[in-house]
Amino acid sequence: MNRLKRSAAYAWASPNTLLGILLALIVGRGTNQWVWVDGVLEISGPKLASWLNRPWGALSSITAITFGHAVLAQSREAHDSTRTHERIHVHQYERWGPAFIPAYLGASGYLWLRGRDCYRENPFEKEAYENEKGGV
Ligand SMILES: [Zn+2]
């Protein structure tokens, strides 16, 4: 991707990135480790870990979660084990921009209302799981 397109992708996803950074600042309260990896800010730390490591609706815990170009995870090891999957979400944010979170939650809500698995059957998760198996 050329420099102009990369810049546009970062700008388009930036409201989500800002949300992730704010969440990490509030939840981590100064204990987080911030690492820049291949154009993505990877954030982890003990307070963030305990916040993610509790039930979230259909999930028993969250290992890592992506907001634009910021990924929040329980630890550096969690970043390493989820990087391929979370990078697919980064690309989804680059495509959807500010509409990503409403679209993701809307898809989950629709599935939940129909008695389906609102996480595994969510099309954004299906794309991420299918492509991580392919080693993208
Ligand atoms: Zn995912």
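For the numbers below, each heavy atom of this structure counts, side chains included, while hydrogens, waters and symmetry mates do not. We count ligands from 1, going down the list as the structure has it; atoms in each ligand are counted the same way. In this text, all values refer to a predicted model and were calculated from it rather than measured experimentally.
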Exercise. With sequence neighbours left out, what residues match Arg87 under side chain to side chain donor-acceptor pair (under 3.5 Å)?
Worked result: Glu42
For this session: Please report the closest heavy-atom contact between His79 and Ile43, naming both atoms and the distance.
Result: NE2-O, 3.0 Å
Problem set entry | salt bridge (charged side-chain N to carboxylate O under 4.0 Å, His left out) between Glu94 and Lys5, intermediate numbers included | CA-CA 10 Å; Glu94 290 180 344; Lys5 281 187 178 171; over 6 Å; no
Seminar exercise, completed: Near the Zn ion (ligand 1) (protein N/O/S, cut-off 2.8 Å, waters excluded) we have His85 NE2, His89 NE2, Glu125 OE1, Glu125 OE2
For this session: Taking the six-membered ring for Trp and the single ring otherwise, decide whether the centroids of Phe124 and Trp96 are under 6.0 Å apart.
Result: yes
For this session: Classify the side-chain pair His85/Glu125 by whether it contains a donor and acceptor separated by less than 3.5 Å.
Result: yes
Problem set entry | Mutual orientation of the aromatic rings belonging to His69 and Tyr10 [parallel < 30°, tilted 30-60°, perpendicular > 60°] | parallel
